[in-house]
K.L.:
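Here it is: the structure, laid out below.
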Amino acid sequence: MTGSSSGGANPLSAVLDARDVTRSFGDKQVLSGVDLRVGAGRISALLGPNGAGKTTFLRILTGLLLAEGGHVSVAGIDVGQDPMAARRHIGFFPSADRTFYNRLSGLENLAFFGRMYGIRRQEALARARKRLVDVGLSDAVDQRVGLYSHGMQKRLSMARALLMDPPVLVIDEATDGLDPEGARRVQDLTRSIAADGTAVIWTTQRLDEIRGFADAVTVLDQGRTTFQGTVEDLMLKSSARGYLLRLRTADATLDDDASRRAAAALGDRGKLARVGTDREHFRLDLEEHAVLGEVLADLSATGVVVLDCAQQRSELEESFLRLTTART
């Protein structure tokens with residue numbers, strides 16, 4: 001496991017600092033010693049398959065659930081000691097937000113939540129207008145939220161998360177359900193927020209969207225941290241641990257004897273398997289010490305002529321699957 005801390009921040013200067021966090025529900029341990037540190041102006045991606053513990057971890061970071069062990073602080077405030085005070089320093093952008101009032105305008109909704117935060121009406125209105133402009137909803141300030149598109153509602157959620165200028169922004173599956181253009185707008189907005197000094201935690205199942213976007217990545221699996229480092233470090237896990245390839249051969253009627261010769265030529269370097277009942281395509285799963293060029297040459301020597309060789313998944317997806325139990 002890479003030792004880089006999330007966001008590349010010095011732990012002493014991290015705006016969000018979670019160390020050795022544990023949590024169980026009954027006899028089931030959901031989190032086991034999870035760490036995450038994010039510095040000001042950094043975007044830290046949090047990945048993991050369903051059931052990895054991401055939701056529980058986010059609830060602990062935002063003070064909605066107390067950890068059984070470890071320590072979490074936000075802007076220097078101990079979340080376990082004073083979760084209410086810590087929450088005032090966190091903006092939360094949920095994957096699905098059903099708390100807006102459809103009959104009220106975007107401005108009225110945000111002003112209402114501002115009042116709930118304890119600020120005066122005029123200040124709440126001023127903050128609401130500013131954030132609606134920031135997220136690109138200046139033309140829909142007075143429009144009823146019930147008439148907003150899905151993408152507009154996503155941006156309204158972002159505006160509410162930013163209403164109190166929090167030093168930490170937690171974003172949960174922000175691009176879920178958005179088309180590519182809508183997802184890009186949310187990412188661009190997040191970059192702008194981070195550039196202003198906000199520490200961002202970004203959870204996603206769209207692995208390729210973190211490339212060129214996140215400063216650091218943490219991968220959770222079964223409640224444990226299986227990787228921490230940069231996106232580039234995560235991509236290297238694919239090439240460092242082997243290859244998963246799809247081969248197309250010249251002879252669609254390649255017999256079982258030829259398949260056995262090919263398997264013998266591979267030896268301990270990997271495994272070759274047919275794709276279903278297809279007689280032309282094969283799945284080639286190579287070990288880390290295998291050299292692809294040598295393997296293809298040895299297969300050719302057995303009479304297996306490879307016409308096409310393509311990686312099954314992106315480097316990020318393959319690395320993610322190798323670090324978790326979410327294998328196909």
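Since this is a predicted model, take the numbers as computed values, not measurements.
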K.L.:
Look up atom CZ in Arg224 and atom OG in Ser32, then write down how far apart they are to the nearest 0.5 Å.
P.N.:
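Separation between the atoms: 3.5 Å.
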K.L.:
Does a sphere of radius 6.0 Å around CG in Asp139 hold more than 12 heavy atoms from other residues, nucleotides or ligands, not counting ones at 6.0 Å or beyond?
P.N.:
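12 or below, so no.
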K.L.:
So do the side chains of Arg131 and Asp165 get within less than 4.5 Å of each other, counting heavy atoms only?
P.N.:
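Arg131 reaches Asp165 side chain to side chain.
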K.L.:
Any chance the side chains of Gln228 and Thr218 put a donor and an acceptor closer than 3.5 Å?
P.N.:
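The criterion, which ignores hydrogens and geometry beyond distance, is satisfied for Thr218 and Gln228.
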K.L.:
Are Ile90 and Leu61 close enough that some pair of their side-chain heavy atoms sits under 4.5 Å apart?
P.N.:
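The answer is no; the side chains never approach within 4.5 Å.
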K.L.:
Indicate whether the side chain of Glu209 and that of Thr204 have a donor and an acceptor atom separated by less than 3.5 Å.
P.N.:
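Yes, Thr204 and Glu209 have a side-chain donor paired with an acceptor closer than 3.5 Å.
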K.L.:
Can you confirm whether the side chains of Arg160 and Thr99 place a donor and an acceptor under 3.5 Å from each other?
P.N.:
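Yes, Thr99 and Arg160 have a side-chain donor paired with an acceptor closer than 3.5 Å.
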K.L.:
May I ask you to check whether over 12 heavy atoms, not counting those of Gln81, lie within 6.0 Å of atom CD?
P.N.:
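12 or below, so no.
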K.L.:
Val170 pairs by side-chain contact (heavy atoms from CB on, under 4.5 Å) with which of Val200, Leu46, Thr62?
P.N.:
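So the option named by the test is Thr62.
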K.L.:
Quick one, Lys271 with Leu266, criterion side chain to side chain contact (heavy atoms under 4.5 Å, CB included). Give me CA distance, side-chain angles, the key distance, then yes/no.
P.N.:
CA-CA 7 Å; Lys271 296 179 179 179; Leu266 277 173; 5.7 Å; no
K.L.:
Give, for atom OG of Ser24 and atom CG of Leu31, the distance between the pair rounded to the nearest 0.5 Å.
P.N.:
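Taking OG in Ser24 and CG in Leu31, the distance rounds to 8.5 Å.
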K.L.:
Show me the side-chain donor-acceptor pairs of residues 50-60 shorter than 3.5 Å, one per line, residues at least two apart or across chains.
P.N.:
unit_1: Lys54; atom_1: NZ; unit_2: Gly48; atom_2: O; d: 2.7
unit_1: Lys54; atom_1: NZ; unit_2: Pro49; atom_2: O; d: 3.4

K.L.:
Could you check whether any side-chain heavy atom of Val38 comes within less than 4.5 Å of a side-chain heavy atom of Ile201, counting everything from C-beta outward?
P.N.:
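In short, these two side chains touch, coming nearer than 4.5 Å.
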K.L.:
Using side chain to side chain contact (heavy atoms under 4.5 Å, CB included), reason through Tyr101 and Val145 one step at a time and then give a plain yes or no.
P.N.:
CA-CA 7 Å; Tyr101 296 92; Val145 169; over 6 Å; no
K.L.:
List the steps and the verdict of side chain to side chain contact (heavy atoms under 4.5 Å, CB included) for Arg185 and Arg155.
P.N.:
CA-CA 9 Å; Arg185 292 192 68 164; Arg155 282 181 276 156; 3.2 Å; yes
K.L.:
Can you tell me if Ser95 uses its side chain to pair, donor with acceptor, with the backbone of Glu173 under 3.5 Å?
P.N.:
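Answer holds: no.
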K.L.:
Does the side chain of Ser73 come under 3.5 Å of the side chain of Asp78 through a donor N or O and an acceptor N or O?
P.N.:
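Distance-only check fails for Ser73 and Asp78.
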K.L.:
Could you tell me whether Asp188 and Arg191 have a side-chain N and a carboxylate O separated by less than 4.0 Å?
P.N.:
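Judged by the 4.0 Å cut-off on N to carboxylate O distance, Asp188 and Arg191 do form a salt bridge.
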K.L.:
On a heavy-atom basis, which atom in Asp20 and which in Gly33 lie closest, and how many Å separate them?
P.N.:
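So the two residues come closest at OD1-CA, 3.1 Å.
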K.L.:
Could you see if Ile77 belongs to whatever hydrophobic cluster contains Met84? Use Ile, Leu, Val, Met, Phe, Trp, Tyr and a side-chain cutoff under 4.5 Å.
P.N.:
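Result: no, two separate clusters.
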K.L.:
Mind running side chain to side chain contact (heavy atoms under 4.5 Å, CB included) on Leu65 and Arg23 for me, showing each step along the way?
P.N.:
CA-CA 9 Å; Leu65 181 70; Arg23 176 73 200 199; 3.8 Å; yes
K.L.:
Keeping Glu108 on the side-chain end and Ser105 on the backbone end, is there a donor-acceptor pair under 3.5 Å?
P.N.:
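Judged by distance alone, yes, a pair lies under 3.5 Å.
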K.L.:
Treat each ILVMFWY residue as a node, draw an edge where side-chain heavy atoms are under 4.5 Å apart, and state whether Leu64 and Leu220 are in one component.
P.N.:
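They do not share one cluster, since no chain of ILVMFWY contacts under 4.5 Å joins Leu64 to Leu220.
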K.L.:
Charged N to carboxylate O under 4.0 angstrom, Arg37 versus Asp17?
P.N.:
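Looking at Asp17 together with Arg37, the answer is yes, because their closest N to O distance falls below 4.0 Å.
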K.L.:
So do the side chains of Phe100 and Ser157 get within less than 4.5 Å of each other, counting heavy atoms only?
P.N.:
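A side-chain contact exists here, since the closest heavy-atom pair is under 4.5 Å.
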K.L.:
Identify whether Val141 and Leu147 are in the same connected component of the hydrophobic contact network (ILVMFWY, side-chain heavy atoms under 4.5 Å).
P.N.:
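No, it is not one cluster - the side chains of Val141 and Leu147 are not joined through contacts under 4.5 Å.
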K.L.:
Decide yes or no for Asp172 and Phe92: does some side-chain heavy atom of the first lie under 4.5 Å from some side-chain heavy atom of the second?
P.N.:
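A side-chain contact exists here, since the closest heavy-atom pair is under 4.5 Å.
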K.L.:
Please name the pair of heavy atoms, one in Ser138 and one in Val133, separated by the smallest distance, quoted to 0.1 Å.
P.N.:
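For Ser138 versus Val133, the nearest heavy atoms are CB-CG2, 4.0 Å.
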K.L.:
Show me the pairs that pass ring-ring contact (aromatic ring centres under 6.0 Å, His included) and involve residues 178-208, at least two apart or across chains.
P.N.:
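Listed once each, the pairs are Trp202-Phe213.
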K.L.:
Locate the shortest heavy-atom distance separating Leu137 from Leu156; write the atom from each residue and the value.
P.N.:
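Taking Leu137 first and Leu156 second, the nearest heavy atoms are CD1-N, 3.8 Å.
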K.L.:
Measure across His89 and Pro166 and return the closest heavy-atom pair with its distance rounded to 0.1 Å.
P.N.:
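That would be O-CB, 3.6 Å.
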K.L.:
Is the closest side-chain heavy-atom distance between Val21 and His71 below 4.5 Å?
P.N.:
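Of all side-chain heavy-atom pairs linking His71 with Val21, none is under 4.5 Å.
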K.L.:
Using a cut-off of 6.0 Å, state whether more than 12 heavy atoms not belonging to Arg87 lie near its atom CZ.
P.N.:
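Counting neighbours around CZ of Arg87, more than 12 heavy atoms of other residues, nucleotides or ligands fall under 6.0 Å, so yes.
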K.L.:
If you compare all heavy atoms of Thr302 against all heavy atoms of Leu299, which two are closest, and at what distance to 0.1 Å?
P.N.:
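Thr302 and Leu299 have their closest heavy atoms at OG1-O, 2.6 Å.
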K.L.:
Do Ser300 side-chain atoms and Leu296 backbone N/O form a donor-acceptor pair below 3.5 Å?
P.N.:
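Pair absent, no side-chain N/O of Ser300 close to backbone of Leu296.
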K.L.:
Looking at CD of Gln143 and CG of Leu107, how far apart are the two atoms once the value is rounded to the nearest 0.5 Å?
P.N.:
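Interatomic distance, Gln143 CD to Leu107 CG, rounded to 0.5 Å: 13.0 Å.
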K.L.:
Can you tell me how far apart CG (Leu178) and CD (Gln153) are? Round to the nearest 0.5 Å.
P.N.:
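Separation between the atoms: 11.0 Å.
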K.L.:
Test salt bridge (Lys or Arg N to Asp or Glu O under 4.0 Å) on Arg269 and Asp298; report intermediate values, then the result.
P.N.:
CA-CA 11 Å; Arg269 293 177 295 177; Asp298 290 345; 2.9 Å; yes
K.L.:
Within the distance-only criterion (no hydrogens, no angle test), does the side chain of Tyr148 pair as donor or acceptor with the backbone N or O of Ala140 below 3.5 angstrom?
P.N.:
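Yes; judged by distance alone, with no hydrogens or angles, the pair exists.
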K.L.:
Flag the pair Val168 / Thr198 as yes when at least one side-chain heavy-atom distance between them is below 4.5 Å, and no otherwise.
P.N.:
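Side-chain contact under 4.5 Å: no.
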K.L.:
Minimum heavy-atom separation for Phe93 to Ala174, with atom names?
P.N.:
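Looking at all heavy atoms of both residues, the shortest contact is CE1-CB, 4.0 Å.
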K.L.:
As an exercise, state the distance from CZ of Arg129 to CG of Leu132, rounded to the nearest 0.5 Å.
P.N.:
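If we round to the nearest 0.5 Å, Arg129:CZ and Leu132:CG are 8.5 Å apart.
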K.L.:
Are Leu47 and Thr203 packed together at the side-chain level, in the sense that at least one heavy-atom pair is separated by less than 4.5 angstrom?
P.N.:
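No, every pair of side-chain atoms sits at 4.5 Å or beyond.
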K.L.:
To the nearest 0.5 Å, how far apart are CG in Asp176 and NZ in Lys154?
P.N.:
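It is 5.5 Å, given to the nearest 0.5 Å.
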K.L.:
Would you be so kind as to tabulate the donor-acceptor pairs closer than 3.5 Å made by side chains of residues 116-125, with sequence neighbours excluded?
P.N.:
unit_1: Glu123; atom_1: OE2; unit_2: Arg127; atom_2: NE; d: 3.0
unit_1: Glu123; atom_1: OE2; unit_2: Arg127; atom_2: NH2; d: 3.2

